[in-house]
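To start, the structure itself, in structure tokens.
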Amino acid sequence: MSEAAAPPAPVSAIAELEPQAGPTTSQPSGPPSTPNDPWLWCLAIPALFGALASIRLTVPAFEFFDETHYIPAAREWLTLITGGAGQYINSEHPPLAKQLMALGIYLFGDNPVGWRAFPLFAGIVTIGASMRALWNASQDRFATIAFGVLLATGFHVFIHARIAMLDIYMMVFLSLAAWFFAAAIRKPETGRWRLALCGVFIGAAMASKWAAIPLAMLPGLAFFGARLSAGRRRLITSTRGVPVPGISLAEAFVWLGLLPLAVYALAFWPGAWLGDELRPSPVAERGLFGTHMLMLELQTQVLAPHNYQSTWPQWVMNTNGIWYFYAFTDGAQRGVLYVGNPLTMLLGLPALLWCLISGAMQRDWAKVAMVIGYAVSLALWIIAPKPVQFYYHYIMPSFFLLAALAMALSDIYRIERLRVLSVLPIIASAAMFAYFFPVLTAGALEGEYGFVDWAWLPGWR
């Protein structure tokens, strides 16, 4: 693909969609129709996403933005793989994502491929797992395929699938946890092992980045709330009732409470072998509890103001972006602009309201779950004692926002005379993605001021 060419819009799924509505009043009553599982699209859309995200993956050929923090930390973890003795650095974050980065460097070399191959793979899996999660939660074919296109073209996942940061690892593990939790509810006969895998992925998400913690609590709380609403006399030990018949609340606590904590703690265990007498690892010196006190202290320290810091209202309105890098390299002026898709980040806001109202009226808990997930993941940053915050903290809220938009568009799709209105935003999202593609993938720009074609708002400059 040439530098100036825009990528093909990943919207071929739209043409073959069929409405999800059941029998109309003019049809004889009968068993409700079951929509076909869009599993092929759950493979095709992530595959196309991966092909596009791999373009110029090694540009720039140097560490950029927060790679400068995490790649050096990964190199220190790499010493454990190669038998050396490194240092425990970047102590403010949990270790799992950096350990996986170290594995990528070990397998592919200490170069841009080694740094970014695992994030690319994690991004591909994130798209597919998120689609499977929505399918199992809603059984809505249109919404599932639409969500895949919206998420793949929503900028957030795409950019972080191309950079060695912690966020993509948190995303992939949370997406996998959501998939297996929703599948356990949908297929309770296999609920036990699905809940166990959900717990493993919850623990891995928390061990990648603390921002996962509020969402990590939701499966357990949802299980407790559903079982409490069922009014069982033996609340703790009864295996009857929603959300997963056959699993007691006590057992669910093991899979969704204790197991995640065990996986989380296990990620810190290798850290005891990092460091030396002069600079011992905090895990070896302070223990697990002391290490977390240090992490909390570092997370809440008062930092100097930053040019790219922003606040949650700016995230919601998509008015403050970040240039992850902007420099002359590889023979041209290049840059990577991190913003959300200008169209869908705004369209998703009324969609959240629609899902809240229609979900509550219709007792459609999948819709309500999207609103709760958005509110919980955003509330973390509203109340967090972290004085300097950045737009990439909006990553997880954007997942739920786009899922709500997909479900709202599916409702429109069921109205035959309005069907085109449900498809247009999906096509437009892909078109917007194509337009921004050069500054999502470090494409060649026309000179030092080439960024102005994409810097539509003052906060994007």
Side-chain angles (χ1 to χ4, degrees), residues 65-67 69-70 73 90-101 119 122-123 125-126 129-130 133 151 154-157 159-161 163-178 181 198-199 201-221 260-261 263-265 267-268 291-292 294-301 303 306 308-316 320 322 324 338 340 370 372-403:
F65 198 60
D66 279 357
E67 285 186 336
H69 301 299
Y70 305 131
N90 191 239
S91 302
E92 62 267 35
H93 292 293
L96 181 57
K98 290 168 284 188
Q99 293 165 352
L100 292 172
M101 291 180 196
V125 176
T126 296
S130 298
L151 193 60
F155 298 10
H156 290 274
V157 182
I159 291 174
H160 284 94
I163 185 171
M165 289 175 61
L166 310 181
D167 305 81
I168 192 65
Y169 297 99
M170 174 186 68
M171 283 186 251
V172 69
F173 290 130
L174 284 176
S175 299
L176 287 166
F181 182 69
C198 175
F201 291 129
I202 287 173
M206 295 190 298
S208 297
K209 193 169 184 178
W210 271 4
I213 292 175
L215 292 174
M217 298 168 60
L218 289 184
L221 291 175
L261 291 176
V263 171
Y264 173 80
F268 286 84
T291 298
H292 281 75
L294 174 63
M295 293 170 64
L296 186 61
E297 178 184 339
L298 293 172
Q299 285 283 349
T300 56
Q301 64 183 318
L303 301 175
H306 194 284
Y308 282 138
Q309 71 182 69
S310 53
T311 61
W312 70 267
Q314 293 173 313
W315 308 342
V316 171
N320 201 301
I322 302 173
Y324 274 10
Y338 178 54
M370 298 308 115
I372 293 174
Y374 179 85
V376 168
S377 54
L378 182 59
L380 166 67
W381 301 109
I382 297 175
I383 64 175
K386 194 174 179 69
V388 177
Q389 300 181 4
F390 300 94
Y391 181 57
Y392 53 75
H393 294 149
Y394 195 61
I395 286 174
M396 292 316 303
S398 75
F399 273 66
F400 295 100
L401 179 139
L402 293 176

[X] side, atom [atom1]; [Y] side, atom [atom2] - distance, nearest 0.5 Å:
X: Leu402; Y: Leu151; atom1: CG; atom2: CG; result: 6.0 Å
X: Leu96; Y: Met101; atom1: CG; atom2: CE; result: 10.0 Å
X: Tyr70; Y: Ile163; atom1: OH; atom2: CD1; result: 9.5 Å
X: His156; Y: Asp167; atom1: NE2; atom2: CG; result: 11.5 Å
X: Ile168; Y: Leu100; atom1: CD1; atom2: CG; result: 12.0 Å

Any donor-acceptor pair under 3.5 Å from [X] side chain to [Y] backbone:
X: Glu67; Y: Ala164; value: yes
X: Trp381; Y: Gln389; value: no
X: Gln99; Y: Ala267; value: yes
X: Tyr391; Y: Gly340; value: yes

Looking at side-chain heavy atoms only, is the closest gap between [X] and [Y] below 4.5 Å?
X: Ile213; Y: Tyr264; value: no
X: Ile202; Y: Pro219; value: yes
X: Met206; Y: Pro94; value: no
X: Leu166; Y: Ser208; value: no
X: Lys98; Y: His93; value: yes

Ignoring hydrogens and angles, state whether a donor on the side chain of Ser175 or Ser130 is under 3.5 Å from an acceptor on the partner side chain.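 Yes, Ser130 and Ser175 have a side-chain donor paired with an acceptor closer than 3.5 Å.
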
Which heavy atom in [X] sits nearest to a heavy atom in [Y], and how many Å separate them?
X: Val263; Y: Ala204; answer: CG1-N, 3.8 Å
X: Leu174; Y: Ala212; answer: CD1-CB, 3.9 Å
X: Ala129; Y: Leu176; answer: CB-CD2, 3.8 Å
X: Val157; Y: Thr126; answer: CG1-CG2, 4.3 Å

Taking the six-membered ring for Trp, are Phe268 and His292 parallel (under 30°), tilted (30 to 60°) or perpendicular (over 60°)?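 The arrangement is tilted - the two ring planes meet at 30° to 60°.
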
Evaluate side-chain contact (heavy atoms from CB on, under 4.5 Å) for Tyr169 paired with Lys209, printing each intermediate quantity in order. CA-CA 8 Å; Tyr169 297 99; Lys209 193 169 184 178; over 6 Å; no

I'd like to check the ring pair (Phe, Tyr, Trp, His ring centres under 6.0 Å) partners of [X]; sequence neighbours left out, ordered by chain and number.
X: Phe399; result: none
X: Phe390; result: His306, Tyr392
X: Tyr324; result: Phe65, His160, Tyr338
X: His69; result: none

Counting only heavy atoms from other residues, nucleotides and ligands, does the tally under 6.0 Å from CE of Met295 exceed 12?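 Yes, CE of Met295 has more than 12 neighbouring heavy atoms, counting only those of other groups under 6.0 Å.
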
Return the set of residues passing side chain to side chain contact (heavy atoms under 4.5 Å, CB included) with Leu294 (not counting sequence neighbours), or none when no residue passes.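 Testing Leu294 for side chain to side chain contact (heavy atoms under 4.5 Å, CB included), a comparison that skips the adjacent residues, returns Ser91, Pro282, Arg286, Leu298.
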
Test of understanding: with side chain to side chain contact (heavy atoms under 4.5 Å, CB included), list the residues that count as partners of Pro397, not counting sequence neighbours.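 Side chain to side chain contact (heavy atoms under 4.5 Å, CB included) list for Pro397, sorted by chain: Tyr374, Ser377, Leu378, Tyr394.
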
Would you please test Glu92 and Glu297 for side-chain contact (heavy atoms from CB on, under 4.5 Å) and show each step? CA-CA 8 Å; Glu92 62 267 35; Glu297 178 184 339; over 6 Å; no

